[in-house]
Amino acid sequence: MELTKNYEPKAIENKWYSYWKDHGFFRSVPDEREPFTIVIPPPNVTGVLHLGHMLNNTIQDVLIRKARMSGKNACWVPGTDHASIATEAKVVGMLRERGIKKSDISREEFLKYAFEWKEKYGGIILTQLEKLGASCDWERTRFTMEEDLSDAVLDAFIQLHKKGYVYRGLKMINWDPSAKTTLSNEEVIHKEEKSKLFYIKYMLEDSDSFVSIATTRPETLLGDTAICVHPSDIRYQQLHGKRVLVPLVNRLVKIIADDYVEMEFGTGALKVTPAHDTNDYELGKKHGLETIDMMNDDGTVSEAGQLYVGMDRMACRKQIVKDLELAGLLIKTEEIQNKIGYSERTNVVVEPRLSLQWFVDMKEMVKPALEHVMNDDIQFHPERFKNTYKHWLDNIRDWPISRQLWWGQQIPAWYTEDGALVVAKTKQEAILAFKEQGIEVHENMIKQDEDVLDTWFSSWLWPISVFDGFKDPNNADINYYYPTNVLVTGWDIIFFWVARMIFAGYEFKDEKPFQHVYFTGMVRDLQRKKMSKSLGNSPDLLALIDTYGADGCRFGILACSPAGGDLIFDSPFDSKTKQVLNQSPLCEQGRNFCNKLWNALRLLKGLEVVAGKNEENAVAIDWMNQKLNKFATHYHQSFEQFRLSELLIDLYKFIWDDFCAWYLEMIKPIYQQPIDAYTLKETIRIFEQLLSLLHPFMPFITEEIWHELGERSERDCMIVHPILQGSSFDEHTIQLGEEVKEMIVSLRDIRARSGLKNTALIKTYFTSEEPEKHAAWHKKIMRLCNSEVFECVAKEVADAQTFVIKSNTYFVITGIELNVEHEREKLQKELTYVEGFLKSIHIKMSNEKFVNNAPAAVLEAERKKLADGEAKQKALIESLEKLQ
RNA sequence: GGGAGUUUAGCUCAGCUGGUUCAGAGCAUCUGCCUUACAAGCAGAGGGUCACAGGUUCGAAUCCUGUAACUCCCA
């Protein structure tokens, strides 16, 4: 079949993805080979594929495909996590549309709807990964809420509770009033904002004087139970122990002294609201203050607040300021910058709130996790993330794991009406556990904890639980695949995931979960803003794939992604609408690269072949082979160092420049002449080897070309073909070729500057002490520069344009009158350069300290430079003299 | 307030343990080409005081100190 002029990815990508899948090439089962395992950082079920996923998963696919082609048993486990808060919000939204209120249905009914939602939408992101070419073992797809994984979560909880790591306690937590749940510190995003600082009068008991207090959250005064000043603040010393009236509610509270107060901030006097501020809570405990919880779980004012009951806290803030003003209690308002915490999931202002929650004590788990990262048992790429990791671990706090939601694993804790508590997996076990404590209960006398566990309490077990390491701790899969080889993830979730997975690895398996962690950067737009759904600055990935092909997009995203560093994705914005466009010059470059490969294929397929071997091509084939061996060595080293982005560019240059622009031009027969069978065979072999190196990065086109290049049996596919390994190479052969390239470039330059037509012939002569050095190349040089003569001569050729490479001088007769002045300038310029070069070496060599201190190899290199330079200098001077 | 990182060509980045006149690559730009694999292409060219100031060294983009700007994390 005739090949299309341009590469058309769409049909080809669909074809090969199904072919790979149908032939089980993604499938992995334990065998005698060495395993290479990656577990996907589970994207959350509510997600759609964005550029971050594309980056992350392309890298994983590159690593997996490379391993597969290197003879390893490559296993990439896909899956999703249940994203409790985000999903619950989606499900509540879906119910609302159907006219159902969450509060009107039971937990069981709600979960039914949630699973229904997950079945419908939860798989979208995984099918989108297929479009990218992700070679996951889909038969292994897991989900954090499926039964076995949920069991693992409960087992882990129970086990940690037995050890005393999991406990229940009353603490100040971050409350999301929209999702009505607690959040961990990591789920709160602090943003710097302009806020108002209100100065409020607190009247002294039985007096006309007052203390003025500055606060950004005036509504919380409903919960005030003291005022605090610094003990050595002379402004307030006479007031210690006196009482003031809390404005509007007129509650009498004490003035206490504590050196926690900053004298410089505000008025130096602090209102104390133990129920709604972490520091105030500590003060309250210390000074035995009453705690008044003035807020309901939805952020409205509670009965305990007395006033404004039922009003939202933000509305209340406005109203209370008005009322304070009316009452003459508002002194002034200032604008300040401060940080406000927002919920990562619902984007509402997070409220500190006192609450009874479940926590994990991290003290013991931190120890091995820190040790094994610091001693490189687990390696981070780039390494500097060890610092961040260490800092967090050194300052770790207990992990709040309960969430006031339904979508998640319900906490396996059981209570009697009297508040007695046991932790047990089932109700039956709970009853027995109570019995052991001497408490006799019936089924209907105990209740399970209403709350669920944090999603991250599921995902931290992922590298173990996907292989059923909890359910069946010694099964074949876990023994074979664990520990996994590499985790690829964004550095933004180093705490959520990476650290906690390491905790879990050592806690439950006494072994690391992975050998390497590869941190990717954040994907940013051209203004360096983080790409996000809310900003709408992310191009539509599927549209990009549609335009440039999956291979083109993979190239585009990888080409600009240094490990760990942020990545500026080059999608331009429409200057009028400010909308991001589904375009990308880098992906376009990737697409063009595909086209280049495609046309190299067309060239080879379009040639007529004759039997035999054209000896003239031997030098080119040899040169290409040596270069390829050298490149393959570099290729595998780059993988070991995870330098994927640079490697891809190197590969691009190697294929485009060395293979297509040089090699193919060298061996390409004259128009309408046939190629000899030997050269074609060798060329196809080289092409195939290059394809094997490129396949991990650009799987579809390489597979397609692989099949176009030869008759293949059903399972003879690029995806499972052995990748080219590095082998020894002859540097001398390579350098000779590079010198020839330099010659040709100079000759072409002369042609171009002389304005010669492509068809015009030139004559080339040269002087050389080693006339035979490039003999094998002469025919190729003549061909590539359209030179009818290429000969060594004993002395200079008159009226010729000249240039010098090493100590050889080249003379070119173009048939166009020589511009002597121009020629002289050119040579003089080069001579000046060489002489400067030589001077710098002379200075070095005459420096005794240099000669004495520099290593022998450096000295040797300097001497060689000197000799080469002097030879060139001599040749240039001679040519210049000739021009006089 | 504590910490990390970045600063090299118009843009995005390499430059690993100081050692070629070391200042690189890709893209973009400019010039000339529709040369039957490819105009999604070919052949060429120009472009930088390596943020700034000191220091160490025979030698610094590279190591040290300080300054500035930007980014991020934690409190």
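Remember, predicted model here, so these are calculated numbers, not experimental data.
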*Asks:* Tell me: NZ of A:K386 to P of B:G5, nearest whole Å?
*Replies:* 13 Å
*Asks:* I'd like a table of atom pairs between the protein and nucleotides 69-75 of chain B - only N or O on both sides, under 3.5 Å - with the distance next to each one.
*Replies:*
{"unit_1": "B:A75", "atom_1": "OP1", "unit_2": "A:R397", "atom_2": "NH2", "d": "2.7"}

*Asks:* Any sub-3.5 Å donor-acceptor pair from A:R751's side-chain atoms to A:A760's backbone N or O?
*Replies:* yes
*Asks:* Could you tell me how far apart A:E588 (CD) and B:C11 (C1') are, to the nearest whole angstrom?
*Replies:* 15 Å
*Asks:* Quickly, which of A:K872, A:K864, A:K865 forms a salt bridge (Lys or Arg N to Asp or Glu O under 4.0 Å) with A:D868? Name it, please.
*Replies:* A:K864
*Asks:* With ring pair (Phe, Tyr, Trp, His ring centres under 6.0 Å) as the test, pick out the partner of A:Y7 among A:F700, A:F593, A:W598.
*Replies:* A:W598
*Asks:* Answer yes if the side chains of A:K5 and A:N599 hold a donor-acceptor pair under 3.5 Å, and no otherwise.
*Replies:* no
*Asks:* The criterion is side chain to side chain donor-acceptor pair (under 3.5 Å); which residues satisfy it with A:R353, sequence neighbours excluded?
*Replies:* none
*Asks:* Using the P atoms only, state how far B:C64 lies from B:U7, rounded to an integer number of Å.
*Replies:* 14 Å
*Asks:* What distance, rounded to whole Å, do you find between the two P atoms, one in B:G2 and one in B:A61?
*Replies:* 33 Å
*Asks:* Just jot down the side chain to side chain donor-acceptor pair (under 3.5 Å) partners of A:D394, sequence neighbours excluded, or say none.
*Replies:* A:K390
*Asks:* What nucleotide among B:A4, B:U20, B:G26 has an atom nearest to a side-chain atom of A:N387?
*Replies:* B:A4
*Asks:* To the nearest Å, give me how far apart CG (A:L567) and P (B:C13) are.
*Replies:* 8 Å
*Asks:* Evaluate the criterion side-chain contact (heavy atoms from CB on, under 4.5 Å) for residue pair A:F654 and A:L693; output intermediate values, then yes/no.
*Replies:* CA-CA 11 Å; A:F654 194 90; A:L693 296 179; over 6 Å; no
*Asks:* Which value, in whole Å, describes the distance between the C1' atoms of nucleotides B:G15 and B:C58?
*Replies:* 23 Å
*Asks:* Rounded to whole angstrom units, what separation is found between the NZ atom of A:K653 and the C1' atom of B:A25?
*Replies:* 4 Å
*Asks:* Centroid separation under 6.0 Å, is that true for the rings of A:F555 and A:F697?
*Replies:* no
*Asks:* Which listed nucleotide (B:G26, B:A40, B:U21) is nearest to the side chain of A:N592?
*Replies:* B:A40
*Asks:* Taking the C1' atom in each of B:C22 and B:A60, what is the distance between them to the nearest angstrom?
*Replies:* 12 Å
*Asks:* Please measure how far the P atom in B:A9 lies from the corresponding atom in B:A14, and state the result in whole Å.
*Replies:* 13 Å
*Asks:* Please produce a list of atom pairs where a protein N or O lies less than 3.5 Å from an N or O of nucleotides 44-49 of chain B.
*Replies:*
{"unit_1": "B:G44", "atom_1": "O2'", "unit_2": "A:D749", "atom_2": "OD1", "d": "3.4"}

*Asks:* If I take atom CG in residue A:D657 and atom C1' in nucleotide B:A43, what distance separates them, rounded to the nearest angstrom?
*Replies:* 13 Å
*Asks:* Considering the options A:F495, A:F380, A:F519, which one meets the ring pair (Phe, Tyr, Trp, His ring centres under 6.0 Å) requirement together with A:F385?
*Replies:* A:F519
*Asks:* With side chains defined as the heavy atoms from C-beta onward, is the minimum distance between A:V498 and A:W491 less than 4.5 Å?
*Replies:* no
*Asks:* Report the residues that fulfil ring pair (Phe, Tyr, Trp, His ring centres under 6.0 Å) with A:W706, sequence neighbours left out, ordered by chain and then residue number.
*Replies:* A:H721
*Asks:* For RNA chain B, write out the stems as range with range, using runs of 3 or more consecutive Watson-Crick or G-U pairs with both distances under 3.5 Å.
*Replies:* B:1-7 with B:68-74, B:10-13 with B:24-27, B:29-33 with B:41-45, B:51-55 with B:63-67
*Asks:* Taking side chain to side chain contact (heavy atoms under 4.5 Å, CB included) as the test, write out the residues that go with A:A369, two or more places apart.
*Replies:* A:Y389, A:L393, A:I502, A:F503
*Asks:* Mind calculating the distance between CZ (A:F850) and P (B:A60) to the nearest angstrom?
*Replies:* 12 Å
*Asks:* Hey, what's the ring geometry for A:Y518 with A:F642, parallel, tilted or perpendicular (30° and 60° as the breaks)?
*Replies:* tilted
*Asks:* List, with names and distances, any nitrogen or oxygen atoms from the protein found under 3.5 Å away from nitrogen or oxygen atoms belonging to nucleotides 15-18 of chain B.
*Replies:*
{"unit_1": "B:G15", "atom_1": "OP1", "unit_2": "A:R643", "atom_2": "NH2", "d": "2.8"}

*Asks:* Decide if the gap between the ring center of A:H634 and the ring center of A:F631 is smaller than 6.0 angstrom.
*Replies:* yes
*Asks:* Does A:E835 or A:I649 map to a spot on RNA chain B nearer the 5' end, using the closest nucleotide for each?
*Replies:* A:E835
*Asks:* Listed by chain and number, what are the side chain to side chain contact (heavy atoms under 4.5 Å, CB included) partners of A:Q735, not counting sequence neighbours?
*Replies:* A:E731, A:E738
*Asks:* Given atom CD of A:Q589 and atom P of B:A25, what is their separation to the nearest angstrom?
*Replies:* 14 Å
*Asks:* Measure from CD on A:Q873 to P on B:U21 and round the result to the nearest Å.
*Replies:* 16 Å
*Asks:* Under the rule for side chain to side chain contact (heavy atoms under 4.5 Å, CB included), what residues qualify as partners of A:D749, not counting sequence neighbours?
*Replies:* A:R753
*Asks:* In whole angstrom, give me the gap between the P atoms of B:G26 and B:C42.
*Replies:* 13 Å
*Asks:* Take atom P in B:A75 and the same atom in B:C50, then report the distance between them in whole Å.
*Replies:* 40 Å
*Asks:* Aromatic rings A:Y652 and A:W656: how do their planes relate, parallel, tilted or perpendicular, breaks at 30° and 60°?
*Replies:* tilted
*Asks:* Categorize A:Y652 for me: base, sugar-phosphate, or nothing, with a 4.0 angstrom heavy-atom threshold over every strand shown.
*Replies:* sugar-phosphate
*Asks:* Sequence neighbours left out, what passes side chain to side chain donor-acceptor pair (under 3.5 Å) with A:T702? Give chain and number order.
*Replies:* A:H695
*Asks:* Taking the same atom, P, in B:G47 and in B:G5, what whole-Å distance lies between them?
*Replies:* 35 Å
*Asks:* Could you run down nucleotides 32-39 of chain B 5' to 3' and tag each one B, S or - for protein heavy-atom contact under 4.0 Å?
*Replies:* -S-BBBBS
